[in-house]
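Sequence lines set the chain letters: A, B, ... in the order given, protein chains first and strands last, and positions in each chain run from 1. All heavy atoms count here, side chains included; hydrogens, waters and symmetry mates do not.
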Number of protein chains: 2
Amino acid sequence: MTEDSRSSEERMPTIRDIADLAGVATSTVSRALSNPQRVNARTREKIERIAAELHYVPSSQARGLSSGRTGVIAVLVPDITNPFYFDIIRGTQYQLKASGYTQLLVDTEEATDVELDTLRKLRRSTDGVILAASRLTDDQLTDTASRQPLVTINRATADAPTVLIDTPGAMVQALEHLASFGHKSVVYAGGPTSSWSNHRRWKAIEEAAAKRGMSATRLGPYAPTAFSGAAAADGVLSTRATSIIAFNDLLAIGMLQRFRERGVRVPEDLSIVGCDDIFGADFCNPPLTTISSPIEQAGRVAVSMLMAQLDPIRGGTPRKLAVMPTHLKVRASTGPARV
Amino acid sequence: MTEDSRSSEERMPTIRDIADLAGVATSTVSRALSNPQRVNARTREKIERIAAELHYVPSSQARGLSSGRTGVIAVLVPDITNPFYFDIIRGTQYQLKASGYTQLLVDTEEATDVELDTLRKLRRSTDGVILAASRLTDDQLTDTASRQPLVTINRATADAPTVLIDTPGAMVQALEHLASFGHKSVVYAGGPTSSWSNHRRWKAIEEAAAKRGMSATRLGPYAPTAFSGAAAADGVLSTRATSIIAFNDLLAIGMLQRFRERGVRVPEDLSIVGCDDIFGADFCNPPLTTISSPIEQAGRVAVSMLMAQLDPIRGGTPRKLAVMPTHLKVRASTGPARV
DNA sequence: AACAGCGTGGCAAGCGATTGCCACGAGTTG
DNA sequence: CAACTCGTGGCAATCGCTTGCCACGCTGTT
């Protein structure tokens with residue numbers, strides 16, 4: 001009666017059980033299962049058959065302890081609720097599964113210290129890390145990269161392979177698009193200060209605007225959420241700009257809502273361009289002109305770069321950099337400048 | 001020169017290192033760190049200090065191997081890209097972190113066999129599972145629940161604690177809302193056949209419609225994605241119904257887009273009610289009247305029910321059922337029936 | 001004075017796999 | 001026919017931590 005009545009207490013089978021049934025040593029079972037060519041075909045088949053019958057599942061814990069490999073890759077994102085990362089997560093999840101790894105998803109809450117702390121804790125329990133839109137400083141990143149296999153997304157550094165989404169490139173397109181509509185001024189509704197992409201985007205806009213004789217102003221920083229779109233919208237209204245480029249779609253969508261509340265018509269009164277082409281950008285009102293890119297693919301590429309790093313022989317020469325193409329997706333939130 | 005030049009090879013500290021430095025046995029270190037009251041305060045402080053200096057991080061692998069507990073809870077969702085689950089995931093993530101557990105997120109791809117398979121594999125490596133919108137049959141669920149601590153979300157069963165979102169209750173509200181607008185007929189754009197909620201929702205609608213003398217028709221099944229909203233929309237147009245309740249918002253939003261394409265005006269020609277109040281339901285065009293509930297809270301409650309199950313003493317009497325309230329959120333996609 | 005009880009800490013046996021090393025036998029070679 | 005190689009499988013140490021059991025010394029009791 002001392003037994004837990006809830007879960008049946010049948011012990012899970014171990015390689016030992018298989019070994020006994022097959023009349024071999026546990027080492028043979030271990031090899032048969034994880035190093036098949038090291039064992040005679042007949043022996044292996046027998047072991048595999050018994051393992052299947054027993055519904056044997058190897059203990060990743062034990063395996064990890066003795067082999068040092070855990071089969072787990074951590075994916076760190078600043079904010080799990082930002083749809084932009086959904087696509088990345090989906091990409092990594094897909095590719096990791098295909099590579100036989102388990103994905104551990106962690107939300108770093110846009111906080112450098114959480115990120116750093118998590119990274120330290122994860123060193124033990126994961127084989128590698130994919131860091132999306134890291135908020136770390138260069139030094140922190142260098143240090144981290146020297147301690148554990150790492151791939152970053154949208155955060156270049158000399159010390160770790162990186163997948164870059166070429167948003168700055170598309171910013172130029174966006175600006176041309178606005179210019180062709182007769183816009184002479186643009187304001188950039190900026191994202192978090194600690195965001196590396198944020199700086200890159202602004203630089204690209206500033207430069208391209210200068211080249212075209214447009215005036216460019218930066219506002220912010222704003223939290224990259226729909227909620228803070230209200231503040232951004234109000235901020236923009238106090239300028240005389242006729243067009244906006246937002247740090248990301250979330251912010252842009254929030255601005256759209258705010259403009260609607262305040263009776264500002266988009267695109268008649270104001271044109272607005274988002275960034276990322278997230279879920280929702282196509283069906284908001286008006287549908288958002290935005291910068292689109294194969295984000296899911298970025299996740300998959302990041303995984304394959306990490307795999308190459310973990311297994312340099314099979315993975316070939318690890319690429320240090322991959323750049324995902326972007327393009328401007330013109331929808332209904334941009335139009336001719338008001339006169 | 002045989003060393004891996006990438007990651008610095010300094011071995012991670014173990015309790016052994018701490019024990020040596022502190023001049024005690026490893027068992028004492030172990031206790032000091034994970035069973036503090038079992039050890040003298042002074043000894044403990046000393047050990048904690050050394051541990052901190054060394055940046056000691058316990059190996060979850062080793063800990064799991066010897067203790068049987070892994071500190072990992074798996075959260076299984078049918079489709080990671082469905083925003084509905086984002087909120088659940090956010091809730092579980094938050095609460096799990098607060099309880100000192102790690103969340104392992106798994107996408108079961110809406111497939112029963114993937115779900116079952118994953119569940120088996122996970123038995124070894126997790127302390128418990130939260131199953132959102134499980135596609136399992138009753139028998140499979142019973143069997144699973146007997147083998148591992150489990151909490152389901154939106155899938156009632158006698159054998160495992162459940163968090164239910166009272167969508168059926170709100171269906172009645174939705175129907176009343178439509179009736180008050182003069183609608184005499186409603187069609188339900190159904191979700192996956194294997195979805196338990198789908199059946200519940202339809203039953204609720206059917207019953208409530210009969211009570212009000214409205215005609216109710218079921219269409220589908222449709223995949224719960226915006227993409228298949230087109231098919232659903234076309235299906236609805238071939239009926240003479242004036243109002244629609246969709247299985248979920250994703251489907252409803254997809255229908256909205258299709259109607260727009262086909263020149264059907266919402267809500268003038270057709271009223272439509274969604275379900276879940278996901279991200280986007282408030283800013284689509286027109287904003288969607290939908291059934292709203294504290295989804296994130298559902299995730300948190302699920303975790304606390306699981307915690308109670310894992311530690312019956314501290315957790316108190318495990319609740320077997322929690323029902324999250326729902327309400328109809330009226331926006332602009334519903335209006336008077338056309339005459 | 002003898003003893004029970006309690007607070008602490010050490011010993012050592014696992015947990016379930018992996019893996020370096022060795023042994024054995026069969027086939028190959030000179 | 002001796003010497004080797006090669007394929008195959010076993011032995012046993014090991015990974016880092018937990019935990020049951022025991023021992024020691026101190027306090028309080030009878």
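When rounded to the nearest whole Å, the span between CZ of Arg16(B) and P of dT14(D) equals 11 Å. Per the geometry, CG belonging to Asp20(A) stands 12 Å off P belonging to dA17(C), to the nearest Å. Between the CD1 atom of Ile15(B) and the C1' atom of dT18(D) there is a distance of 8 Å, given to the nearest Å. Rounded to whole Å, atom C1' of dG16(D) lies 7 Å from atom CZ of Arg124(A). Computed from coordinates, the Leu33(A) CG to dT18(C) C1' distance equals 12 Å when rounded to whole Å. Residue Asn40(B) contributes atom CG, which lies 15 Å from atom C1' of dG10(C) at whole-angstrom precision. Nucleotide dA17(C) holds its P atom 16 Å from the CG atom of Asn35(A), rounded to whole Å. At whole-Å resolution of the value, CD in Gln37(B) and C1' in dT19(D) are 14 Å apart.
Contacts between residues 44-70 of chain A and DNA chain D, defined by a heavy-atom separation under 4.0 Å, are made by Leu65(A), Ser66(A).
Residue Val39(B) has its side chain nearest to dG9(C) when only dT8(D), dG16(C), dG9(C) are considered.
Heavy atoms only, all atoms of each residue included: Gln309(A) and Pro161(A) are closest at NE2-CG, 3.4 Å. Here the closest heavy-atom approach between residue Ala298(A) and residue Ile165(A) is recorded as CB-CD1, 4.2 Å. Closest approach of Arg124(B) to Pro58(A), counting heavy atoms only: NH1-C, 4.0 Å. Heavy atoms only, all atoms of each residue included: Leu33(A) and Tyr56(A) are closest at CD2-CE2, 3.7 Å. When all heavy atoms are compared, the tightest approach of Gln148(B) to Leu122(B) is OE1-C, 4.3 Å.
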Could you list all N or O pairs between the protein and nucleotides 20-25 of chain C that sit under 3.5 Å apart?
{"from": "dG20(C)", "atom 1": "O6", "to": "Arg31(A)", "atom 2": "NH2", "distance (Å)": "2.7"}

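A sub-4.0 Å separation between OP1 or OP2 of dT18(C) and a side-chain N or O of Ser34(A) is present. Remark: Thr28(B) is in phosphate contact with dG10(C), judged by side-chain N or O atoms under 4.0 Å from OP1 or OP2. OP1 or OP2 of dT18(C) has not a single side-chain nitrogen or oxygen of Thr26(A) nearer than 4.0 Å.
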Compile the donor-acceptor pairs under 3.5 Å between side chains in residues 131-139 of chain A and protein atoms, sequence neighbours left out, one pair per line.
{"from": "Ser134(A)", "atom 1": "OG", "to": "Glu115(A)", "atom 2": "OE2", "distance (Å)": "2.5"}
{"from": "Ser134(A)", "atom 1": "OG", "to": "Leu136(A)", "atom 2": "N", "distance (Å)": "3.0"}
{"from": "Arg135(A)", "atom 1": "NE", "to": "Glu110(A)", "atom 2": "OE1", "distance (Å)": "3.4"}
{"from": "Arg135(A)", "atom 1": "NH1", "to": "Ala133(A)", "atom 2": "O", "distance (Å)": "3.4"}
{"from": "Arg135(A)", "atom 1": "NH2", "to": "Glu110(A)", "atom 2": "OE1", "distance (Å)": "2.5"}
{"from": "Thr137(A)", "atom 1": "OG1", "to": "Gln140(A)", "atom 2": "N", "distance (Å)": "3.2"}
{"from": "Thr137(A)", "atom 1": "OG1", "to": "Gln140(A)", "atom 2": "OE1", "distance (Å)": "3.2"}
{"from": "Asp138(A)", "atom 1": "OD1", "to": "Arg155(A)", "atom 2": "NH1", "distance (Å)": "3.1"}
{"from": "Asp138(A)", "atom 1": "OD1", "to": "Arg155(A)", "atom 2": "NH2", "distance (Å)": "3.2"}

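Between Asp17(A) and Arg11(A) a salt bridge is recorded (basic side-chain N to carboxylate O distance below 4.0 Å). Here Glu45(A) does not pair with Arg49(A) in a salt bridge; the nearest charged N to carboxylate O distance is not below 4.0 Å.
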Legend entry - Criterion side-chain hydrogen bond (donor to acceptor under 3.5 Å, both in side chains) on Thr152(A) and Thr162(A), from CA distance to verdict: CA-CA 5 Å; Thr152(A) 55; Thr162(A) 297; 2.9 Å; yes
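Backbone-only engagement by Thr14(B) is indicated by non-hydrogen atom pairs under 4.0 Å involving sugar-phosphate atoms exclusively.
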